[in-house]
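Convention: sequence-line order gives letters A, B, ...; per-chain numbering from 1.
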Amino acid sequence: MDTLLPVASGGAAGPLTADELRELYSLMVAVRHLDTSAIAWQRQGIIPGYAPELGQEAAQVGSGYAVDTTRDFVFPTYREMGVARTMGVDMVAYMSTHKATWHGGLYNPMESRLAPIQAVVAGSVLHAVGWAHGQTLDSQDGVALTYFGDGASSQGDVHEAMNFAAVMKAPVVFFVQNNGWAISVPTERQVAGGSVAARAAGYGIPALKIDGDDVVAVLEATRRAFAHARSGNGPVLIEAMTYRRGPHSTSDDPGRYRSLDEERDESGIDPLERLRQRLLADGIADEAFFAEALAAAKAEEEQIRTGIQALGSRPGTEMFDLVFQETTPALQAQAANWREESEHV
Amino acid sequence: MDTLLPVASGGAAGPLTADELRELYSLMVAVRHLDTSAIAWQRQGIIPGYAPELGQEAAQVGSGYAVDTTRDFVFPTYREMGVARTMGVDMVAYMSTHKATWHGGLYNPMESRLAPIQAVVAGSVLHAVGWAHGQTLDSQDGVALTYFGDGASSQGDVHEAMNFAAVMKAPVVFFVQNNGWAISVPTERQVAGGSVAARAAGYGIPALKIDGDDVVAVLEATRRAFAHARSGNGPVLIEAMTYRRGPHSTSDDPGRYRSLDEERDESGIDPLERLRQRLLADGIADEAFFAEALAAAKAEEEQIRTGIQALGSRPGTEMFDLVFQETTPALQAQAANWREESEHV
Amino acid sequence: MSNSILENVDAAGDNTADDTVTNTAADSPASTTVMSMQQALNRALDEVLAENPKAVIFGEDCGRLGGVFRITDGLQAKHGPQRVFDTPLAESGILGMSVGLAMAGFHPIPEVQFDGFAYPAINQIVCQIARMNYRSRGTMPMPITLRVPSFGGIRAPEHHGESLEALFAHVPGLKVVSPSNPHEAYHLLKYAATRPDPVIFMEPKSRYWQKGEVDVSRHDAAGSPTGAKVMREGRHLTLVAWGAMVSRCLQVAELAAEDGIDIEVLDLRWLKPIDAEALAASVRKTRRAVVVHEAPLTSGLGAEVAQLITQSCFDTLKAPVERVTGFDVPYPSGDLEDEYIPNIDRILFGIQRVLEYKRG
Amino acid sequence: MSNSILENVDAAGDNTADDTVTNTAADSPASTTVMSMQQALNRALDEVLAENPKAVIFGEDCGRLGGVFRITDGLQAKHGPQRVFDTPLAESGILGMSVGLAMAGFHPIPEVQFDGFAYPAINQIVCQIARMNYRSRGTMPMPITLRVPSFGGIRAPEHHGESLEALFAHVPGLKVVSPSNPHEAYHLLKYAATRPDPVIFMEPKSRYWQKGEVDVSRHDAAGSPTGAKVMREGRHLTLVAWGAMVSRCLQVAELAAEDGIDIEVLDLRWLKPIDAEALAASVRKTRRAVVVHEAPLTSGLGAEVAQLITQSCFDTLKAPVERVTGFDVPYPSGDLEDEYIPNIDRILFGIQRVLEYKRG
Ligand SMILES: Cc1ncc(C[n+]2csc(CCOP(=O)(O)OP(=O)(O)O)c2C)c(N)n1
Ligand SMILES: Cc1ncc(C[n+]2csc(CCOP(=O)(O)OP(=O)(O)O)c2C)c(N)n1
Ligand SMILES: [Mg+2]
Ligand SMILES: [Mg+2]
């Protein structure tokens, strides 16, 4: 289906360099290690919950790597830790949302170019369209990259977003991580017709259905899509086929809806292992490099864990102070009442 | 695009008989005459407003004619007067909604198999899917026929409805009247990609894009679609290309967004005139028949007008009595208060 | 109304009225022109577009047509199709897109065509627009002014006469305002559309074509644009209303005056935050209050207003605050709308109940 | 709490308490079993499916998984995938589909997975489900029981701890109910799911795993399943609450009792229609009231409750009704949720304000 996007329109990038390939590997290891560690943190009581992205590292790192944070803007769901890490977002600030410190995370979305973590399924897809149309109105060349899942594709907002983007020729890249599941519902009971990419044609939007576990394919496709959108050709949709190897979240029990055998059969080769084999085969990296990358990932995780553990609660006054830019007398009265009754001041 | 629906699946009907063709003509004349009269009623102050369907007679009569009111169910918008008339709905009760007597109309939707008039754009498309799935659960063979416009196709509910219907293989016929306009917005600024029918493929739904001004084509397509859905093959979408020849409603002023020249160019041949020519050419009807049909239409309109003029306001108690099947003390208290203050009883 | 009211009115008369002159429509300075609310809103939007290059207007039929109520008439021609544009027919799309535009530094002024069609956008309004400033810790303000032609009274089809103020007022992160006349419409819209926070601007559609004096040079003689406004001074009872009900309450006050009952009419203007001070000040003086709205009674904004008054004036209140509202029924068709919307009689009955109230 | 409360309590003590015994959780007849609210709801649904072949359950992850809270656990296996099924991930779709199923003679029992995800379905709930019986003149009843896991207290992600009762209660054509314990959950769900009208069933998710005694043989010792319920008798003040706040109010009452303050706790149960009689009866006795809810203050259901009490008990009330509620801020993240949800201290402060109130 990859032919839907004319190859010519995405000619911006040549083949990946060895440095780029090694960097992709390092990122994927860092993400994998942080992700699996976060589950352990939850079991140890460091954080109350987490939504793992195990198995989606190639899709997330590959797409996030294409972003130009000087001009693009990214709209995540609740599962894009790998994208955030790839974009260089402060990971303590990012993970704070899973510590129940602040909904949306403590990072600065304007500076990091990553919109706040979004818990409403399909909630931010339209935001990407609005932001992208703003680029057109401002004669800027930024591109909006919006993530959503196979489950999210069922929401009306996704349809409205695709139609708006296509009518307005907004520079948006719709990036679907089709990980086979929306909690307990498999894609075939969710996505009629079997493919989100197939929907795009109905709006005249070019689409790429790609192997989401091949980080090189993901990065190349995303670069093509960015180049297409950036040149004023309107939106593109990428459907990255991958597999949610873990539970939906730390409170989910996949054993209730899929067997371990099924998991093994459906998940295919681990995307990280796949890149490792490729780098080895192409002589781009060796075991020493892999060991170094893992050590770096471990050091990084430790630093982030320390940061998360040190993270205190936000002061309760922020509940009131951050509602508006211009506060109101009613809210100030409530804040005063709260201080009196809860902080006894 | 008509090839999307395998011809075999719609083999239920042979070619139309002369009787059928004449009946279609009589229906179209009756609808045309009632429609243009309703605009006059509005100008004369008999009704406060009306949404004409001028130019859409073939699409409405042709599709409505395919309905089997012993088992199917129809979900209209606010503009399906021609469908209602074709289905044999009591037209005084139907037109009462335009007299502001009762939202939804005074006809009995369960008996007439026509859901109440729906003012929310795309509001009832999902109802059709639910009703149709009920047929599956009950092992019945009824089909739901749901109407919506090119403008409505932009609503998220339409997307959710198509996806649900396709996932559940619900016996639904989605009938889009693409009349070129959603109030002042032309289809090309509304429907990205240019065609609602093209969307269907993305859900694996067969679609027919047809000449909506050819009543025979409309009827044949709808019969094929019904046969397909009734045999357990799931939903079908029909996009009937037509033209809204009149204003959006009696309070609209199309001169603000389209010129009379454009209207003439875009609207094509009048569907009623087209059928007339065809019947004449095929020797199926003559001038006498047409005159008779017109006379019958006039008599019918007069009767309906008399009925509408005689229609009093509904008693105010209905405001309270029809909210619930089981009323509540709070509502009864409000009703008593209303009677006291407004009816002085 | 029965004569017995006057007994109680006399008892109420012992409260001396505050004589401060407020800037009601009766004042007519030289800079005043007469225009309809539709014209006042149109002019306000025109000026907002001219003053703020980041302001953009969009919605269904807002552009070429100028809106079904012509509020945006001529603005596309004047400011260009990039500043004023039509969208596809999808309210969630319109509001969701507004969020992204706000993130990109714009001041979106979207329109939903009728109140009842705000419902498809509620998810984006409540979960996104109202929370993005909070979620982003103040780094992504949402200066979105959502215009909603609101309330009933025009004999329209279903869903074209809804009152969503109680819903909007309950949502943390939203501000809500409704003008009652052309002067208020002009100034409140200009004020709302220059704020850094989301404001739901509820336009009383039944008043669009009513003319009134607009002093474009100044809003209020004194006081804040965010407060309530005394539209008529009175000593015996406070009528609280907003939107289209304000002019009806002023009519009622005139009628009651013929019976010697001196009613104060308070235009709440801001439905969130509510000007609790103004409610308290008025009712401390009049010692009686009736709140009037078109929305259904139960869980309507009248309950909030009544409770705010009761909290602040418990000791001085002579009777429980009375609510005269729409009923707990779906907004009826045109034929019955006069039975549904609080009419003069029902408001007078409500006043009578309060004035006649005797402790048991 | 300061000692000064007791002064006023003594003054309040002159009201003699009504001694009628009500069926509180303290009664334990032989037919009673102990179960969690999750189990009680599951059993109720199982029985509804068994008793009504037209009852169908559906939503996101309701089928195979048994729901993220396991409320529908095992029901698909027992009643089949036609009676209990998963839908695609679209709340408007789920509720819109319910309308059509109801038209076809079914009794849909849809679930939205969390309160915050009811917003995408509001258009179908307000404009379709709530109005279809009316619009169709009673020919198309909407026996739809919408289950909404509601309220906060579980340290969940954003939008997973919302309180939509004020919104739902304001919508004509809806009925709204919330159980406070397993016994209520079992009976109210069985009752709601056999009604011919749409009922929003708000389940207090923080109480799902709390166990309690359920007498499956009977709901109340006496009285209607549609009324409020006195959960604890008291003479000095009425605490009104629903859902998860009821048990917290019962705790507060125990604490206050140690100070000699005798609090009556009223579980409102039905949030629409509200049992105004029960409110009046209780407060006529106690002469003081505090209403507690998790939702934000402004335009919350507490305003309606307070105003109903004030209307019926104006003469006997010793103090204005007090509201102890969530603040007018978006529901915060887990770390701050104990600051947001009315906690024992804040409820006690509210009680104190009422007891200490002196006419000025
Ligand atoms: C509007 C809305 N409905 C329901 C939910 C609950 N929910 C959270 S994630 C999820 C499944 C999402 O599946 P998908 O879009 O495929 O993303 P994935 O979790 O697989 O990354 C659901 C139902 C939600 N967060 N938002
Ligand atoms: C949800 C909703 N939004 C807006 C409107 C106002 N409105 C009524 S009809 C209409 C245009 C509909 O266009 P289309 O679907 O093409 O149907 P047509 O009027 O052409 O038959 C609009 C915007 C509405 N009724 N419902
Ligand atoms: Mg998924
Ligand atoms: Mg149209």
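In D:E277, the CD atom is not crowded: 12 or fewer heavy atoms of neighbouring residues, nucleotides or ligands sit closer than 6.0 Å. Atom CD of B:E111 has 12 or fewer heavy atoms from other residues, nucleotides or ligands within 6.0 Å.
Chain B forms more heavy-atom pairs under 4.5 Å with one residue of D:K175, D:M103, D:R83, D:Q82 than with any other, namely D:K175. Residue with the most contacts toward chain B among D:V99, D:L101, D:D197, D:I274: D:D197 (heavy-atom pairs, distance under 4.5 Å). Of the listed residues (B:L106, B:D138, B:V167, B:N108), the greatest number of heavy-atom pairs within a distance under 4.5 Å of chain D belongs to B:D138. For chain D, the option among B:G105, B:G134, B:G142, B:G156 with the highest count of heavy-atom pairs below 4.5 Å is B:G134. With respect to chain D, the highest number of heavy-atom pairs below 4.5 Å among B:A115, B:A132, B:G130, B:P329 belongs to B:G130. For the set B:V129, B:N163, B:V120, B:V125, the count of heavy-atom pairs under 4.5 angstrom toward chain D peaks at B:V120.
Neither the backbone nor the side chain of D:L95 comes within contact range of chain B, judged by heavy atoms closer than 4.5 Å. Of the atoms belonging to D:K54, it is side-chain heavy atoms, and not backbone ones, that fall under 4.5 Å from chain B. Proximity to chain D involves both the backbone and the side chain of B:M319, based on heavy atoms less than 4.5 angstrom apart. Within the 4.5 angstrom heavy-atom criterion, no atom of D:A276 approaches chain B. Heavy-atom distances place the side chain of B:Q118, and not its backbone, under 4.5 Å from chain D. Contact annotation for D:N133: both backbone and side-chain heavy atoms come within less than 4.5 Å of a heavy atom of chain B. When heavy atoms are compared at a cutoff of 4.5 Å, D:P273 approaches chain B solely by way of its side chain, counted from C-beta outward. Only the backbone of D:L174 comes within contact range of chain B, judged by heavy atoms closer than 4.5 Å. In this structure, chain B has no heavy atom under 4.5 Å from any part of D:D275. For chain D, the nearby part of B:E160 is the side chain; its heavy atoms alone come within less than 4.5 Å. B:V323 touches chain D through backbone and side chain together, each having a heavy atom under 4.5 Å away. With a threshold of 4.5 angstrom between heavy atoms, B:Y107 does not approach chain D through any atom at all.
Contact detail for B:W131 and D:A104: the closest heavy-atom pair is CD1-CB, 3.6 Å. Smallest separation of non-hydrogen atoms from D:Y134 and B:E318: CE1-O, 4.1 Å. Contact between B:Q325 and D:G138 at its shortest, heavy atoms only, is NE2-O, 3.1 Å. Shown here for D:I94 and B:F164, the closest heavy-atom pair between the two residues is N-CZ, 3.8 Å. Across B:L126 and D:S92, no two heavy atoms sit closer than the pair CD1-O, 3.4 Å.
Not less than 6.0 angstrom separates the ring centroid of B:H133 from the ring centroid of D:F106.
No donor-acceptor distance shorter than 3.5 angstrom exists from the side chain of D:Q124 to the backbone of B:S124, with no hydrogens or angles considered.
Screening D:M132, D:R131, D:R137 for a side chain to side chain contact (heavy atoms under 4.5 Å, CB included) involving B:P116 leaves a single residue, D:M132.
Between the CZ atom in D:F85 and the CG atom in B:L137 there is a gap of 6.0 Å [rounded to 0.5 Å].
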